[in-house]
Engineer: 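Have a look at the structure that comes next, please.
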There are 2 protein chains.
Amino acid sequence: MDSAPERVPASGGVQSVSRAFGLLEALADAHEPLALADVAATAGLPVPTAHRLLRTLHDLGYVRQLESREYALGAGLIGLGERARPALAERAAPVLVRLEEVAGETANLATLDGDLVSYIAQVPSRHRMRMFTEVGRRVLPHASGVGKAMMSLLPEGRVRALVARTGLPRYTATTHTTVDDLLQDLADTRRRGFAIDDGEQEVGVRCIAVAVPGHNVPAAVSISGPSVRMTDEVVRTAVAELIRAAKGLQGGLRTQAIP
Amino acid sequence: MDSAPERVPASGGVQSVSRAFGLLEALADAHEPLALADVAATAGLPVPTAHRLLRTLHDLGYVRQLESREYALGAGLIGLGERARPALAERAAPVLVRLEEVAGETANLATLDGDLVSYIAQVPSRHRMRMFTEVGRRVLPHASGVGKAMMSLLPEGRVRALVARTGLPRYTATTHTTVDDLLQDLADTRRRGFAIDDGEQEVGVRCIAVAVPGHNVPAAVSISGPSVRMTDEVVRTAVAELIRAAKGLQGGLRTQAIP
DNA sequence: AGCGCGAATTTCGCATGGTGGAATTGTGCG
DNA sequence: CGCACAATTCCACCATGCGAAATTCGCGCT
């Protein structure tokens, strides 16, 4: 499924930086201003530590503090976010809107960033029960539709090397946990023209995905939703549009770079 | 002018965090992937230090590394940026587009974040020579159109307190450097219905701005461009649209919060 | 207005986490 | 293949980040 658990970043690195971003993510997840104690608690830090980091982030413009003394994300992040957005995500915006309209489900665009699937754009379904995978989230490829779609374009050796690094963690009874199962699915994907994730990450969730050809960084578009709504009929209808969408986002003859 | 120099953040705070964001801003400013040595040089850090910070940022998803080993901003920032965007910036997007169309110059939306003007949305002019102020940038209020527009709505005591904290640095011969001059300009702004920045930050640059009423965090919209194009005629035409725009973004009767 | 309480902010000694020069490894080119 | 340059890793050292304790602030209640 497209919302396979995020791989935990390797421990190590600069702790202060990780902690600062943990605070930013806590504020982002809250979708409303938070008191210091709440941010600190959410991020799992002692209050003075959180305070000091938030003070730094505030001074830099990435956090703001309201008169209520609550903290919220600052405008500096807007600028960074806009400039982090690949050209492909820009081009894909109307395409994703149309996919959502046709299928009535959440439309996603993802790329392969190292060994992880990284979601770079999304148009959420208008249904109340819907798949929600935040832009910027990263997941393991083997249990996600877009991941399998992209891997289906890679040489077998490269798939094996990737899997050797990531492993094949099981999320549900249908998750692929052997290389052979995965490679078989990728072969099926190529034959069919699209990948299916049928509850491999999360029971009751279904996703169909098609790789976007012609980019040196693999990319894929998908439609994901609850199995009860993603019937075979819906899949059949949506797949044509999905394939058309992928083709429309195809890279140029010069194997267009994603940046 | 709307592109008054950014106030340097107070020194201190968590150095590692500042450095990490310096690297992100270096990548953002480059608008293309950069080699490690180049990022490090731009950010003014030794290569191994930059490497370590970038590694951390990469592991967290805020930086990605291409096969060429170059670094670029990562998709994690997209998500943060989107969630940092205030509701007002969303609402203002079509308004700014229309302002740019009418005036043919760069349209901006800014708020007062503490003592600084913070740009939260922008539609750049289509002219090749145009004002470019990145979303997320912060400037001192006294030398910017939007800053003066917002201050014109504040009680005098509050303006005096703000200026006591920020000072009134001179950027050009027309910059206000005394409180009395500034207060006079704010009075003129109120009388006129809009603020003018006539080369106060940058010679040859002109900006007109109107405060958006009814928000507990001060906000303002502006049009800025080169003086040679921002004639009195253009100003006269654009001001009506600017005032209409500000009114359209007016906060509700409950003094709508910006978050 | 005064008080109490909880939250936010500041302080500062300490130790750990961050640093960066040197060494090692990797990559691309001739 | 060899070389030069770039990237990455290593690790001793100490500067910076940490967080418990102290202080200050802000709010609500009487």
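Values reported hereafter were calculated over all heavy atoms of this structure, with side chains retained and with hydrogens, waters and symmetry mates removed. Here is how names work: the chains are called A, B, and so on, in the same order as the sequence lines, proteins then strands, and each is numbered from 1.
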Engineer: Return the set of residues passing salt bridge (Lys or Arg N to Asp or Glu O under 4.0 Å) with A:R160 (not counting sequence neighbours), or none when no residue passes.
Structural biologist: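 Salt bridge (Lys or Arg N to Asp or Glu O under 4.0 Å) list for A:R160, sorted by chain: A:E156.
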Engineer: Can you tell me which residue pairs pass the side-chain hydrogen bond (donor to acceptor under 3.5 Å, both in side chains) test with a partner in residues 145-155 of chain A, sequence neighbours excluded?
Structural biologist: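 side-chain hydrogen bond (donor to acceptor under 3.5 Å, both in side chains) check on residues 145-155 of chain A returns A:K148-A:D185, A:K148-A:E200.
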Engineer: Among all residues two or more places apart in sequence or in another chain, which pass the salt bridge (Lys or Arg N to Asp or Glu O under 4.0 Å) test with B:R170?
Structural biologist: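 Applying salt bridge (Lys or Arg N to Asp or Glu O under 4.0 Å) to B:R170 gives none.
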Engineer: Write out a two-atom table: protein N or O, nucleotide N or O from nucleotides 23-28 of chain C, distance below 3.5 Å.
Structural biologist:
none

Engineer: Considering every strand and a 4.0 Å limit on heavy-atom distances, what is the contact class for B:E70: base, sugar-phosphate, or nothing?
Structural biologist: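 Here B:E70 touches no strand at all.
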Engineer: Mind checking what makes ring pair (Phe, Tyr, Trp, His ring centres under 6.0 Å) contact with A:F21, not counting sequence neighbours?
Structural biologist: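 Partners of A:F21 under the ring pair (Phe, Tyr, Trp, His ring centres under 6.0 Å) test: B:F21, B:Y62.
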Engineer: Report the residues that fulfil side-chain hydrogen bond (donor to acceptor under 3.5 Å, both in side chains) with B:E134, sequence neighbours left out, ordered by chain and then residue number.
Structural biologist: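 B:E134: side-chain hydrogen bond (donor to acceptor under 3.5 Å, both in side chains) contacts with A:R83.
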Engineer: Answer yes or no: does a side-chain N or O of A:H51 lie under 4.0 Å from OP1 or OP2 of C:dA8?
Structural biologist: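 So the side-chain polar atoms of A:H51 never come under 4.0 Å of the phosphate oxygens OP1 or OP2 of C:dA8.
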Engineer: Side-chain donor-acceptor pair under 3.5 Å between A:Q65 and A:Y71, yes or no?
Structural biologist: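 Per modelled atom types, A:Q65 and A:Y71 side chains form a pair under 3.5 Å.
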Engineer: Once side-chain hydrogen bond (donor to acceptor under 3.5 Å, both in side chains) is applied, do any residues pair with B:D38, and if so which ones, sequence neighbours excluded?
Structural biologist: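 For B:D38, no residue satisfies side-chain hydrogen bond (donor to acceptor under 3.5 Å, both in side chains) once neighbours in sequence are set aside.
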Engineer: End-to-end bend of the helix from C:dA1-D:dT30 to C:dG30-D:dC1 (five-pair axes, 10° rounding)?
Structural biologist: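 What I find for the helix from C:dA1-D:dT30 to C:dG30-D:dC1 is an axis angle of 60°.
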Engineer: Which atom pairs link the protein and nucleotides 17-21 of chain C when you take only N or O atoms and keep those under 3.5 Å?
Structural biologist:
from   : atom 1 : to    : atom 2 : distance (Å)
C:dG18 : OP1    : A:Q15 : N      : 2.8
C:dG18 : OP1    : A:S16 : N      : 2.9
C:dG18 : OP1    : A:S16 : OG     : 3.2
C:dG18 : OP2    : A:Q15 : N      : 3.3
C:dG18 : O3'    : B:S16 : OG     : 3.3
C:dT19 : OP1    : B:R19 : NH1    : 3.1
C:dG20 : OP2    : B:R19 : NH1    : 3.3
C:dG20 : OP2    : B:T49 : OG1    : 2.6

Engineer: Looking at residues at least two apart in the chain, or sitting in another chain, which of them share a side-chain hydrogen bond (donor to acceptor under 3.5 Å, both in side chains) with A:H58?
Structural biologist: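 A:H58 satisfies side-chain hydrogen bond (donor to acceptor under 3.5 Å, both in side chains) with A:R55 only.
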Engineer: Can a donor-acceptor pair be found between the side chains of A:Q184 and A:D180 at a distance below 3.5 Å?
Structural biologist: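 Checked: A:Q184/A:D180 side chains show no N/O donor-acceptor pair below 3.5 Å.
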Engineer: At the 4.0 Å heavy-atom cut-off to chain B, mark where contacts on DNA chain D begin and end, going 5' to 3'.
Structural biologist: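 With heavy atoms of chain B under 4.0 Å away, the range is D:dA7 to D:dG17.
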Engineer: Considering residues at least two apart in sequence or located in another chain, which fulfil the side-chain hydrogen bond (donor to acceptor under 3.5 Å, both in side chains) criterion with B:R19?
Structural biologist: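 Applying side-chain hydrogen bond (donor to acceptor under 3.5 Å, both in side chains) to B:R19 gives none.
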Engineer: Regarding B:S222 and B:N108, is there a side-chain donor-to-acceptor distance under 3.5 Å anywhere?
Structural biologist: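 Yes.
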Engineer: Any donor and acceptor pair, going by atom type alone, linking the side chain of B:T56 with main-chain N or O of A:V14 inside 3.5 Å?
Structural biologist: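 Looks like yes, one N/O pair under 3.5 Å.
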Engineer: Quick one: does any side-chain atom of B:H215 pair with a main-chain N or O of B:L249 as donor and acceptor, under 3.5 Å?
Structural biologist: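 Answer holds: yes.
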